[in-house]
Amino acid sequence: MLDLQHNSCSLPTLSHKDTCGCIDGLLRAVATCEASAAVWCEPGVERPALLVSLSGSLRVEHLAIAGHAAGFAFSSFVNPDGSETSFLPADLMYEPETDCWQIDPSLDPEKVASFAAVLKRSLENEGGPLDLLRGRDVLADSDDLSEHDFCQQVDAARAEISNGHLQKVVLARRLVEPLSAGVSPGAVFEGLRRMDQNGFISLISVADVGTWVGASPEVLIDQKPDGMLRTISLAGTQSTALAGGVENAAWTQKEIQEQAMVSRYIVNCFKRIRLREFEEHGPRTVQAGSLMHLRTEYLIDTNSLDFDDLPSLLLDLLHPTSAVCGMPVDAAHAFISEHEQTPRELYSGYLGPVNTASGTHLYVNLRCVRLGAESATFYSGAGITADSRPEDEWSETELKISAIRDVVRASVGTELD
């Protein structure tokens, strides 16, 4: 599983032969020690980064990116004024670039050694279901939306659009499935990484938050160490296989207009802070695992600007984007609050590393699942415009759920009940 050659801090180093086992072992260790963990793999990177926060309490704050300590941030869809962003400090961090653990020098060496001993035992406990998944199962209170009820919500949204109160609104739903056997979060993570090598693959395990795994194609704020900052607009969804490949993609007028709305929203955010120096590329068709989307990319060279707070300011302006909320944002948010029956939690929020060796990479949490000991909870959404057909929007949510549901099924080794 791991090469247990130890460095000076007694933390094991990765042999890269069994990433699934490594992740599952890490989750056992952090649950035992009442710690938290984040695992992620950036697009185009073969090996994941690991982060452990040994503190028992989760920091909730307004994320000021410039000058912030290294760590991993995540936010729910509802985050008033950006003040409720959760942050895991990088007490211990395994970086694939250096192939070793980085340790916060302020940590108590005995605390590090204690965790290292637990981690070693957890890594050597190979095989068997993982029984220390965080968070409660939701089977008992599951009230998933039926197709009929979802289509009624779409009709209500279209009525608001016809009345001029909305231009677009994104409606989300969840699907709770019982698991017939223990699930391996590491296997889900690796399955998503194999399925979508162009996406941001993530896993977090935090007490009272749960264990979430996801693959996102949508950059919210991406800033490299060289100062280049990037964000994107993303909309439209179709099956790559059914279309016959990216080169054969054909988009409807509804999908083109929806993507244009998201792009206008981003440009209007730039205008609000008088940001004029940016490059715009797109829209073009991109593949995200088994799905395709329309994407426009925006690039900003922050080296040419005297604007240290730009990443944080853009984060506050962009979230929630019209791609996951709607337009106008306030009216769409109010409609969602009134009509959606279950909270989105981390779905359509954002997450990613902050000020690590590779920079800051915050992504919208789109293709995601919350794993429990006995259930998996899937989330998806669809953008409703004046041209929406309720049955088509339901089919889009089903298509998005099926992409990650298949990965979870494979990680269990048997069909979901």
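Side-chain atoms of E61 and H68 include a donor-acceptor pair closer than 3.5 Å. For D387 and T385, the side-chain atoms include no donor-acceptor pair closer than 3.5 Å. E280 and T296 share no side-chain donor-acceptor pair at under 3.5 Å.
Looking at heavy atoms from C-beta onward, L92 lies in side-chain contact with L107 at the 4.5 angstrom threshold. At a threshold of 4.5 Å between non-hydrogen side-chain atoms, the residues V219 and F200 do not count as touching. Two residues are said to be in side-chain contact when any heavy atoms from C-beta on lie closer than 4.5 Å; I384 and R158 meet this criterion. Residues R59 and P89 form a side-chain contact, since some pair of their non-hydrogen atoms from C-beta on lies under 4.5 Å apart. Between R174 and R344 the shortest side-chain heavy-atom distance does not fall below 4.5 Å. Side-chain contact between L234 and P217: present, with at least one pair of heavy atoms (C-beta onward) separated by less than 4.5 Å. Looking at heavy atoms from C-beta onward, V354 lies in side-chain contact with T360 at the 4.5 angstrom threshold. The side-chain heavy atoms of V329 and Y265, taken from C-beta on, include a pair separated by under 4.5 Å.
In this structure a side-chain-to-backbone donor-acceptor pair under 3.5 Å is present from N268 to R264. Between the side chain of S36 and the backbone N or O of V206 there is no donor-acceptor pair closer than 3.5 Å. Between the side chain of S411 and the backbone N or O of V408 there is at least one donor-acceptor pair closer than 3.5 Å. Judged by distance alone, the side chain of N355 and the main-chain N or O of I65 form a donor-acceptor pair under 3.5 Å. Judged by distance alone, with hydrogens and angles left aside, the side-chain atoms of K168 form no donor-acceptor pair with the main-chain N or O of G383 at under 3.5 Å. Between the side chain of N79 and the backbone N or O of S83, at least one donor-acceptor pair lies under 3.5 Å. The backbone N or O of A215 lies less than 3.5 Å from no partner atom in the side chain of D196, so there is not a single donor-acceptor pair. With hydrogens and angles ignored, the 3.5 Å screen pairs a side-chain donor or acceptor of S402 with a backbone N or O of L399. For S216 (side chain) and V364 (main-chain N/O), a donor-acceptor pair under 3.5 Å exists by modelled atom type. Side-chain N or O atoms of K400 include none that pairs as donor or acceptor with a backbone N or O of R367 at under 3.5 Å.
The structure places CG of L51 at 8.5 Å from CH2 of W101, a figure rounded to the nearest 0.5 Å. Taking CD of E258 as the start and CD of Q253 as the end, the distance is 12.0 Å to the nearest 0.5 Å. For the atom pair CD1 of I300 and CE of M228, the computed distance is 8.5 Å after rounding to the nearest 0.5 Å. With rounding to the nearest 0.5 angstrom, the CG atom of L119 is 7.5 Å from the SG atom of C22. Rounded to the nearest 0.5 angstrom, D24 CG and T19 OG1 are separated by 11.0 Å. The CG atom of D392 sits 8.5 Å away from atom OG1 of T252, with the distance rounded to the nearest 0.5 Å.
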* Asked: Can C33 and L54 be said to form a side-chain contact (heavy atoms from CB on, under 4.5 Å), step by step?
  -> CA-CA 8 Å; C33 297; L54 295 178; 5.6 Å; no

* Given the rule in the side-chain contact (heavy atoms from CB on, under 4.5 Å) test, do S322 and V262 qualify, once you have shown the distances and angles that lead to the verdict? -> CA-CA 5 Å; S322 61; V262 182; 3.5 Å; yes

* Check the pair V176 / T377 against side-chain contact (heavy atoms from CB on, under 4.5 Å), numbers first and verdict last. => CA-CA 4 Å; V176 181; T377 305; 3.8 Å; yes

* Decide yes or no on side-chain contact (heavy atoms from CB on, under 4.5 Å) for D91 and S53, but give the supporting numbers first. => CA-CA 5 Å; D91 293 340; S53 174; 3.8 Å; yes

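Among the candidates E297, H361, E279, Q223, the single residue satisfying the side-chain hydrogen bond (donor to acceptor under 3.5 Å, both in side chains) test with R230 is E297. Paired with R173 under the rule side-chain hydrogen bond (donor to acceptor under 3.5 Å, both in side chains), one option of Q341, E340, E398 passes, and it is E398.
When all heavy atoms of F87 and A69 are compared, the pair lying nearest together is CZ-O, 3.4 Å. The shortest heavy-atom contact between L362 and A73 is CD2-CB, 4.4 Å. Considering every non-hydrogen atom in both S290 and M195, the closest pair reads N-CG, 4.5 Å. Listed here is the closest heavy atom pair of T356 and G71: CG2-O, 4.2 Å. Nearest approach of L145 to W394, heavy atoms of both residues: O-CH2, 3.7 Å. Taking both residues in full, the closest heavy atoms of A332 and V169 are given as O-CG2, 3.9 Å, listed atom of the first, atom of the second, then distance.
Heavy atoms from other residues, nucleotides or ligands lying under 6.0 Å from CD of E46 number 12 at most. In the displayed structure, D108 atom CG is contacted under 6.0 Å by more than 12 heavy atoms of other residues, nucleotides or ligands. Within a 6.0 Å sphere centred on CD of Q102, other residues, nucleotides and ligands contribute more than 12 heavy atoms.
The aromatic rings of F72 and W40 lie tilted to each other, with the angle between the two planes from 30° to 60°. Under the 30°/60° scheme for interplanar angles, the aromatic rings of F270 and Y298 are found to stand perpendicular. Using a 30° and 60° split on the angle between ring planes, Y379 and Y347 fall in the parallel class, below 30°.
Between E396 and R389 there is no salt bridge, since none of the side-chain N atoms of the basic residue sits less than 4.0 Å from a carboxylate O of the acidic one. The residues K254 and E393 are annotated as salt-bridged, a charged nitrogen and a carboxylate oxygen being separated by less than 4.0 angstrom. A salt bridge links R193 and E190; the closest N-O separation between the charged side-chain nitrogens and carboxylate oxygens is under 4.0 Å.
The distance between the ring centers of F74 and W212 does not fall below 6.0 angstrom.
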